[in-house]
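Please read the structure below before turning to the comments.
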Amino acid sequence: MTIEKTTEKKDYYISTPIYYVNAQPHIGHAYTTIVADVLSRYRKLMGYETFFLTGTDEHGDKVKRAAEEKGISPKEYADEISGLFRALWPELKISNDYFIRTTDEDHIKVVQLILQKVYDAGDIYFESYGGLYCTGCERFYVERELVDGKCPDHEVKPEYIEESNYFFKMSKYQDWLIKHINDNPEFIRPKRYKNEILAFLREPLEDLCISRPKSRIDWGIELPFDEKYVTYVWFDALINYLTGVGFPDGDNFKKFWPVAEHLVAKDIIKPHGIYWPTMLKAAGIEPYQHLNVHGYWNVNESKMSKSLGNIVAPLSLKDKYGLDAFRYYLMREMVFGLDATFSEEGMVARINADLANDLGNLVSRSLSMATKYLGGTIPSPGGKGDPSDDRLISTAMRVLPQYTKLMDSLAFSKALAEIWDLVGECNRYIVENAPWELAKDEAKKGRLARVMYNILETLRFIGTLIIPFMPDVAEEILTMIGVRADFSHKRLDELMSWGGLPIGAQVMPASQLFPRVDPVDVDKSEALVKDSEKVVEEAQSVSVVKVEEETQTVSAKEAVAVVDKKRWWRWGKKQKTELPLGGLITYDEFKRLDMRLGVVTNAVAVPKSNKLLKLTVNIGEERTVVAGIGKHYSPDELVGKRVVLLANLEPAKLMGIESQGMVLAVVDDEGGLALVTIEKELLPGSRLS
RNA sequence: GGCGGUGUAGCUCAGAUGGUUAGAGCAUGCGGCUCAUAUCCGCAGUGUCCGGGGUUCAAUUCCCUGCACCGCCA
């Protein structure tokens with residue numbers, strides 16, 4: 001069985017959200033964009049013409065204020081952050097066809113064009129209203145949200161102000177939208193998110209406020225029908241999907257808009273599932289075809305490589321282990337639509353098991369045998385076929401339709417599992433036929449040739465199927481087995497018939513595609529895992545914690561209150577837990593680390609642990625600290641040492657003992673460890689700066 | 001506070017329109033092979049399918065409720 005020949009020409013348009021320029025790129029952005037890339041490459045492989053759009057969103061007060069702080073213009077600030085995204089995508093081998101910025105001239109024109117159109121159609125109206133406004137939050141409050149009549153975040157009384165704004169008559173399209181979703185069951189997928197949207201639509205929709213007076217915010221796109229206002233978020237941002245593909249009269253728009261699909265994370269399904277289709281309807285434009293919604297990566301930082309608190313940011317793992325391994329892990333680990341856990345430990349497990357042991361070793365042993373037994377030349381399949389051949393070939397032919405079916409339904413994880421069935425089958429085939437035995441017997445040369453041919457041909461299948469996921473490795477494998485054709489422009493149905501391997505071509509000598517990785521040193525104590533998860537998260541969102549007993553904690557709420565709550569591409573709490581990529585930090589950020597000179601007054605080994613020591617450290621007060629340094633220091637030699645204690649780290653329980661801080665140390669590549677000490681005898685409790 | 005989601009093997013997670021022994025990978029143990037990256041192949045397990053109630057001949061799967069965690073909204 002071969003996959004269906006695609007005779008008619010097909011098109012495919014996939015978009016990511018445009019990312020807001022107030023945060024650096026992180027794992028969430030990377031995942032969405034990689035998924036879009038996989039889809040785009042997959043469709044190309046299937047013979048589609050594709051258009052793949054990503055970009056940045058650059059208007060809004062948040063950007064303006066951030067720019068002011070840095071003493072530059074909003075545009076300059078946006079240029080800078082937008083540049084970070086642009087620079088990242090090539091590193092992730094993202095094959096986007098266009099990168100849109102909401103500050104682009106053509107985008108501004110398109111937004112105004114559509115606003116005018118909807119306004120002329122009578123779906124935008126002007127209304128005054130009054131309310132209690134907190135300048136700190138930049139939002140209105142209703143009475144019952146206030147605490148003692150004050151803003152719960154800023155603890156100041158909001159003032160009553162009157163304001164007039166423009167509203168989009170979204171409610172008018174509610175019934176149409178419900179019907180559209182019911183008539184097109186795949187409009188929002190997976191189903192759980194469609195249900196969520198429908199549940200929301202059971203309540204009456206309110207109209208959408210789409211403007212801000214320039215007196216309050218001026219970094220935005222001016223309303224075409226009122227120069228005193230700029231448009232607020234929705235029309236500004238969502239319309240990028242039109243501008244990016246050449247609306248109103250570009251060729252790409254005509255070609256690709258009818259097949260448009262969006263890809264978003266679950267936190268922004270409302271703007272995309274409700275606001276956007278109604279906006280399009282009002283503008284007289286056909287809605288998109290599919291809204292594809294994925295879940296969240298929960299970053300399990302306690303299982304990220306860390307030694308004494310040095311957590312590796314998820315994105316940096318692509319450099320550590322290689323881009324294709326990174327892409328593989330993301331696509332294999334997450335079931336599309338559901339949340340998944342990201343951890344370095346998990347990634348290393350996948351790399352070792354799936355990539356190094358299964359696939360990498362298969363390629364290596366195959367090429368090695370081809371070189372040893374056949375002089376590296378792909379043989380013409382001689383000898384007789386037997387049942388094991390049939391089984392291998394039928395597995396390969398079964399995998400194909402499964403693969404396309406699963407890829408079409410966004411089941412990437414299963415599609416990869418399907419490919420790995422073939423990897424496993426090939427490994428079994430090798431054991432069963434033992435080419436090393438056949439090679440010993442001159443009479444079995446023909447059979448050897450057939451067996452080797454089947455193995456290498458299976459590698460060609462595998463190499464081709466992984467093109468969307470691991471473009472570099474796919475190319476490497478195919479090149480190694482002598483497939484030098486420019487496969488990037490071939491269609492799957494042309495590539496995938498058994499026997500396509502060029503006889504007589506030379507294979508390359510075996511090499512390591514994926515080196516094995518030493519498993520990360522992670523303490524598997526459950527207490528540690530559970531507690532430190534929370535600690536890390538909270539430590540990130542708490543801005544000030546004093547050392548003294550009368551600890552004054554600023555709530556996480558306040559710390560993030562400045563974040564514009566309506567910016568829908570904000571990645572929820574991920575933004576808080578995520579570490580920066582390693583860019584510059586401000587002095588204010590540094591100041592948040594309360595590091596003190598401490599003197600170790602007592603040290604004992606923690607029972608049942610081979611590397612944890614329980615230390616008592618004097619920093620003006622006694623702190624109990626659990627440190628994983630038992631392999632490098634004996635308790636005795638520690639007493640009296642002047643160490644550096646990170647004093648405002650949220651306490652964590654390790655092996656049942658509460659650790660109230662972290663002793664700083666250095667670890668080198670060879671596993672050596674040394675505590676940071678202070679060379680002079682200064683007063684304990686003094687602060688490092 | 002309202003709406004929605006999730007809770008399944010040591011770990012990460014699939015799955016069942018209700019029905020014979022509930023699955024995969026990893027980790028663990030034992031056996032085999034030696035072409036290969038100490039890799040590969042075979043075998044072996046283990047589960048109060050979150051707690052409680054209900055519907056049913058039958059529920060882990062449906063309904064109600066409680067708990068925990070997550071998202072959206074206010």
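Here is how names work: the chains are called A, B, and so on, in the same order as the sequence lines, proteins then strands, and each is numbered from 1. Being a predicted model, the structure only gives us computed values, none of them experimental.
Between A:Asn195 atom CG and B:rG4 atom C1' there is a gap of 10 Å when expressed in whole angstrom units. Taking atom CD on A:Glu345 and atom P on B:rC13, their separation rounds to 12 Å, with Å as the unit. Rounded to whole Å, atom P of B:rU12 lies 13 Å from atom CH2 of A:Trp297. The CG atom of A:Asp267 sits 16 Å away from the C1' atom of B:rC3 (whole-angstrom rounding). For A:Glu206 and B:rA74, the CD to C1' distance is 10 Å, given to the nearest whole Å. Atom pair A:Ile430:CD1 and B:rU39:P shows a separation of 17 Å (rounding to whole Å applied). The distance from atom CG of A:Asn357 to atom C1' of B:rA27 is 13 Å, rounded to the nearest whole Å. Rounded to an integer number of Å, the gap from CG of A:Asn352 to P of B:rU39 is 8 Å.
For B:rU56 and B:rG19, the C1' atoms lie 12 Å apart once the distance is rounded to whole Å. With both ends at atom C1', the span from B:rA44 to B:rC57 equals 36 Å, rounded to whole Å. If you take atom P in B:rC43 and the same atom in B:rU61, they sit 33 Å apart, rounded to whole Å. With both ends at atom P, the span from B:rC69 to B:rA27 equals 32 Å, rounded to whole Å. Taking atom C1' on both B:rG54 and B:rC11, the two are 35 Å apart, rounded to the nearest angstrom. Separating the C1' atom of B:rC67 from that of B:rG52 is a span of 10 Å, rounded to the nearest Å. Taking atom C1' in both B:rU20 and B:rG4, one finds a spacing of 36 Å when rounded to whole Å. When the P atom is compared between B:rC40 and B:rG71, the two are found 38 Å apart, to the nearest whole Å.
Residue contacts for A:Tyr373: at a heavy-atom cut-off of 4.0 Å it reaches the sugar-phosphate backbone alone, with no base atom in range. Within 4.0 Å of A:Val335, counting heavy atoms only, lie sugar-phosphate atoms of the nucleic acid but no base atom. A:Glu203 comes within 4.0 angstrom of no nucleic acid atom, judged by non-hydrogen atoms across all strands. Nucleic acid contact class of A:Ile269 (heavy atoms, under 4.0 Å, all strands): none. Backbone-only contact: A:Asp358 has heavy atoms under 4.0 Å from sugar-phosphate atoms and none from a base. Among the protein residues, A:Ala356 comes within range of the nucleic acid bases, having at least one heavy atom under 4.0 Å from a base atom. Looking at heavy-atom distances under 4.0 Å, A:Ala434 makes no contact with the nucleic acid at all. If you check every strand for non-hydrogen atoms under 4.0 Å, A:Ser368 touches sugar and phosphate atoms only. Contacts of A:Asn361 with the nucleic acid, taken as non-hydrogen atoms under 4.0 Å apart, include base atoms.
For the pair A:Arg350 and B:rC26, the criterion of a side-chain N or O lying under 4.0 Å from OP1 or OP2 is not met. The side chain of A:Arg192 places an N or O atom within less than 4.0 Å of a non-bridging phosphate oxygen (OP1 or OP2) of B:rU6. Regarding contacts with the backbone of B:rC13, a side-chain N or O of A:Thr341 is found under 4.0 angstrom from either OP1 or OP2.
B:rC30: Watson-Crick or G-U partner is B:rG42, with both key distances under 3.5 Å. Remark: B:rC3 base-pairs with B:rG71; criterion is Watson-Crick or G-U wobble with both hydrogen-bond distances under 3.5 Å. Here B:rG25 sits opposite B:rC11 as a Watson-Crick or G-U wobble pair (both hydrogen-bonding atom distances under 3.5 Å). When both pairing distances are held under 3.5 Å, B:rG18 makes no Watson-Crick or G-U pair with any nucleotide shown. Across all strands shown, the partner of B:rG51 is B:rU65, judged by Watson-Crick or G-U wobble contacts whose two distances both fall under 3.5 Å.
In this structure, A:Ser364 and A:Ser511 approach most closely via the heavy-atom pair CB-O, 4.3 Å. A:Leu238 and A:Tyr275 make their closest contact through CD1-CB, 4.3 Å (heavy atoms, listed as atom of the first residue, atom of the second, distance).
Aromatic pair A:His294/A:Tyr31: centroids less than 6.0 angstrom apart. A distance below 6.0 Å separates the ring centres of A:Phe342 and A:Tyr329.
Nearest-nucleotide positions on RNA chain B for A:Pro515 and A:Glu437 put A:Glu437 closer to the 5' end. The residue among A:Lys440 and A:Arg428 whose nearest nucleotide of RNA chain B lies closer to the 5′ end is A:Lys440.
Between A:Lys318 and A:Asp324 there is no salt bridge, since none of the side-chain N atoms of the basic residue sits less than 4.0 Å from a carboxylate O of the acidic one. Taking a cutoff of 4.0 Å between a charged side-chain nitrogen and a carboxylate oxygen, A:Lys270 and A:Glu196 do not qualify as a salt bridge. A salt bridge links A:Asp339 to A:Lys266: at least one charged side-chain nitrogen sits closer than 4.0 Å to a carboxylate oxygen.
Listed candidates were B:rC41, B:rG71, B:rG15. Nearest to the side chain of A:Lys414 is B:rG15. Between B:rG71, B:rA36, B:rU37, one nucleotide has an atom nearer to the side chain of A:Lys372 than all others, and that is B:rA36. Nearest nucleotide to the side chain of A:Asp339, out of B:rC35, B:rC3, B:rC70: B:rC70. Proximity note for A:Lys266 (side chain, C-beta onward) versus B:rC41, B:rC70, B:rA36: the nearest is B:rC70.
Each of A:Leu465, A:Ile477, A:Leu501 was scored for a side chain to side chain contact (heavy atoms under 4.5 Å, CB included) with A:Arg460, with one residue passing: A:Leu501.
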